[in-house]
Amino acid sequence: MSNLSEHEIRRREERAKLEDLDVDPYPPQGWEVTAHAADVLAGFDDAKHQPNEDGEAKETWRVSLAGRMMSKRVMGKAAFFDLQDESGTIQVYIRRDDLPEHYYNQVFKKLLDIGDVVGVEGFAFRTRMGEVSIHVERFELLAKSLRPLPVVKEVEGQVYNEVTDKEFRYRQRYVDLVVNPHVREVFRKRARLIATLRHFLDARGYLEVETPVLQPLYGGAAARPFTTHHNALGMQLYLRIADELYLKRLIVGGFDGVYEIAKDFRNEGLSRFHNPEFTMLELYVAYKDYAWMMDLVEEMIEHVARELHGTPDVQVGDHAISFARPWKRIPLFEAITEKTGHDLYGKDRAALAAAAEALGLEIDETMGAGKIIDEIFGEFVEPHLIQPTFITDYPVELSPLAKKHREKEGLVERFEVIVGGKEICNAFSELNDPEDQRRRFEAQARLAAAGDVEATREIDEDYLRALEYGMPPTAGLGVGIDRLAMMMTDQASIRDVILFPLLRPEAPAPATAKEEAAAEAEP
RNA sequence: GAUCCCGUAGCUCAGUUGGCAGAGCAUCUGACUUUUAAUCAGAGGGUCCCAGGUUCGAGCCCUGGCGGGAUCACCA
């Protein structure tokens, strides 16, 4: 108990006093909610609902709400407090003489705090100061709060004592959500974003499926996996880095359009743009190619922007971005030529390395031709692509699962969408030639053997077997949902669109003590 | 993994040249039946992230560590 703050000690004492007064701090029953704060504020009609001098209204509007007490202003025998529910905040007026004997003096005034969850029932009215409020006639404590909640105040748009500490906000997201209304709005938008994508795809008849998170072989992307172990089977498993290879098995199986909104896991560093677990939309449609997929992506993302903002124009950081169709489409090598003056198409590794060095990039021996092109693009082109842009036709060595280009030697039919200088989509005509696919896997295995930690070492024989049965020509798409959410909600960090981003654990004192004891016991 | 910045009361933050650890809000006591950052009078509250070092004396200087942020590296 000694490590509790004065506030925490006092609230525990209050809890005990409540129980002494037969007020259950955690009553078992619910509370009938007939209205939310925002409904009352929006629906209050002075002509109908406002009581006159005698307390009579043409039409008394009785409401019952539940939520958290966010402030408390006691003025002797009456008090005001702010009640926050999921919709917003409304002021509540509470009088001693409207409540059961002694409840106001002994319970409400003395034992209830900011942060407590309460139910109120009463009628809506407008105070002398002009604020629509609830005049309480029935009041109940629904859950006692034992920790002090940060108190944030807002006056005429000016916010005081706003909780801004990132660590506090991410570790205690529940508090962040309580005290920062704009954070709740970000996650509502994210939910709407995903729902909109799902409806868009469902409306076109594509089937939403679920594929394994735990995979005996990982593939479908270049990344290091997390590993885990299944006890009963005694086998190592990987958390998926992509669901691509399973979804294409389903195309082989005869579903002509499948998608999954999946958590993927990549064992990489953390940054403003990377969380080790993240959400990806993958879509595969049979009998289509990447050109068709570009049309679909444009339509889908514009639709999302309109659903979330009512317009295809979205402010992202310093940029006013328009998702209105059509978007610019430019082949990768043309884009590079445009920005750097170097035409790199068809050049061998030595020529590419020379160009890169002429541009001031550092090149080392381990970088292949594809990697050098990728570096040049990432450095000189990608950051300048602010409006949505399709970059098309990538080098084959960067794309082991994409079909070779129908005309351009050494390229594949692939595109990425760049917005605000960041990739948000990756798509291609899927490689369905099993023998070509085997050669690509073998090339990856050689890279892995040569020390590339992100190349897939093992060949997925079952995937090749599936392709050998015959996969229709197929267009595939991957959309980074977190990064799309960052744009659509104008957040600069991926942690601000993930409810519980990965952080290092808070150092728990007991563990430290245990370790010290173990260390002392060792010699 | 590297570099830079940050860590002080429940929250937001000051803290002088190294010299008794502060403010606002929150909390507590009292007053107040339409207040609204309610007000008025009074009061309490600190592992200054942790561990060492320098010093008569460290929130402040030095070393190491922990945690967070930004940039970079990494990242189909």
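Throughout, a chain's letter reflects where its sequence line sits, starting with A, and its residues are numbered from 1. The basis for the numbers below is simple: all heavy atoms, side chains too, and nothing from hydrogens, waters or symmetry mates.
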* To do: Evaluate the ring planes of A:Y290 and A:H405, with Trp represented by its six-membered ring, and classify them as parallel (under 30°), tilted (30 to 60°) or perpendicular (over 60°).
  => perpendicular
When rounded to whole Å, the CD1 to P distance for the pair A:I114 and B:C25 reads 13 Å
Between CG of A:L270 and P of B:U71 the distance, given in whole Å, is 14 Å
For this session: Pick base, sugar-phosphate or nothing for A:L149, based on heavy-atom distances below 4.0 Å to the nucleic acid.
Result: nothing
Is the phosphate of B:U35 approached by A:R73 (side-chain N or O, under 4.0 Å from OP1 or OP2)? no
- [ ] With heavy atoms under 4.0 Å as the rule, sort A:F168 into base, sugar-phosphate or nothing.
- [x] sugar-phosphate
Review point. If we take the C1' atom in both B:C72 and B:U12, what is their distance in whole Å?
Key: 31 Å
Measuring only the P atom in each nucleotide, how far is B:G64 from B:U17? A whole number of Å is fine. 26 Å
ask   = How would you label the contact of A:R495 with the nucleic acid (heavy atoms, under 4.0 Å): base, sugar-phosphate, or nothing?
value = sugar-phosphate
- Which is true for A:T164 with a 4.0 Å heavy-atom rule: it touches a base, it touches only sugar-phosphate, or it touches nothing? sugar-phosphate
inquiry  = Base, sugar-phosphate or nothing for A:R224? Non-hydrogen atoms, less than 4.0 Å.
reply    = nothing
Practice prompt. Can you tell me, in whole Å, how much space there is between the C1' of B:A21 and that of B:G53?
Written response: 23 Å
Applying the 3.5 Å cut-off to both distances, the Watson-Crick or G-U partner of B:C72 turns out to be B:G1
Between A:R504 and A:K371, whichever has its closest RNA chain B nucleotide further toward 5' is A:R504
Got more than 12 heavy atoms from elsewhere within 6.0 Å of CZ, A:R147? no
Report, one pair per line, the protein and nucleotides 30-32 of chain B atoms (nitrogen or oxygen only) whose separation is under 3.5 Å.
| from | atom 1 | to | atom 2 | distance (Å) |
| --- | --- | --- | --- | --- |
| B:G30 | OP2 | A:K110 | NZ | 2.9 |
| B:C32 | N3 | A:V74 | O | 3.4 |
| B:C32 | N3 | A:G76 | N | 3.1 |
| B:C32 | N4 | A:G76 | N | 3.4 |

### Message
Rounding to an integer number of angstrom, what distance separates B:U8 and B:G44 when you compare their P atoms?
### Response
24 Å
- Query: Using the ring of each side chain (for Trp, its six-membered ring), is A:H135 parallel, tilted or perpendicular to A:F123, with breaks at 30° and 60°?
  - Reply: parallel
- Query: Do the rings of A:H49 and A:F44 sit parallel, tilted or perpendicular, given the 30° and 60° boundaries?
  - Reply: tilted
In whole angstroms, the gap separating P of B:C11 from CZ of A:R169 amounts to 15 Å
Within residues 95-102 of chain A, those residues having any heavy atom closer than 4.0 Å to RNA chain B are A:R95, A:R96, A:D97
Review point. So what does A:Y170 hit on the nucleic acid, given a heavy-atom distance under 4.0 Å: a base, only sugar-phosphate, or nothing?
Key: sugar-phosphate
**Q.** Pairwise P distance, B:A23 and B:A9 [rounded to whole Å]
**A.** 14 Å
*asked:* Just to be sure I understand the rule, does A:R171 reach a base, reach only the sugar-phosphate, or reach nothing, if contact means heavy atoms closer than 4.0 Å?
replied: sugar-phosphate
State whether A:R126 places a side-chain N or O below 4.0 Å from either non-bridging phosphate oxygen (OP1 or OP2) of B:U34. no
Residues in residues 474-482 of chain A with a heavy atom under 4.0 Å of RNA chain B, by number, are none
- [ ] Would you classify A:Q158 as touching base, sugar-phosphate or nothing, given that sugar-phosphate means primed atoms plus P, OP1 and OP2, and contacts are heavy atoms under 4.0 Å?
- [x] nothing
Rounded to whole Å, the CZ-P distance (A:R10 to B:A26) equals 13 Å
- Query: How would you label the contact of A:G115 with the nucleic acid (heavy atoms, under 4.0 Å): base, sugar-phosphate, or nothing?
  - Reply: nothing
(message) Regarding A:K77 and A:D97, does a basic nitrogen lie under 4.0 Å from an acidic carboxylate oxygen?
(response) no
* Asked: Taking atom types as they are modelled, is there a donor-acceptor pair under 3.5 Å from the base of B:G67 to the side chain of A:E167?
  -> no
Walking RNA chain B from its 5' end, the first of A:N161 and A:T127 to be reached, judged by nearest nucleotide, is A:N161
- Query: NA contact type, A:D165, heavy-atom cut-off 4.0 Å: base, sugar-phosphate, or nothing?
  - Reply: sugar-phosphate
Item to complete: May I ask you to verify whether the side chain of A:R128 and the base of B:U34 hold a donor-acceptor pair under 3.5 Å?
Response: no
Rounded to the nearest 0.5 angstrom, the CZ-CE distance for A:R266 and A:M280 is 4.5 Å
Test: A:K403 and A:E430 ion pair at under 4.0 Å | no
ask   = With sugar-phosphate meaning primed atoms plus P, OP1 and OP2, does A:E268 contact a base, only sugar-phosphate, or nothing at under 4.0 Å between heavy atoms?
value = sugar-phosphate
Same-atom distance (C1') from B:G10 to B:G30, integer angstrom: 24 Å
If pairing means Watson-Crick or G-U wobble with both distances under 3.5 Å, then the partner of B:G44 is none
Remember a base hit wins even if backbone is also touched, and classify A:R414 as base, sugar-phosphate or nothing at under 4.0 Å, heavy atoms. sugar-phosphate
With rounding to the closest Å, how many angstrom separate the C1' atoms on B:C20 and B:C25? 26 Å
Under a 3.5 Å limit on both distances, the Watson-Crick or wobble mate of B:G67 is B:C6
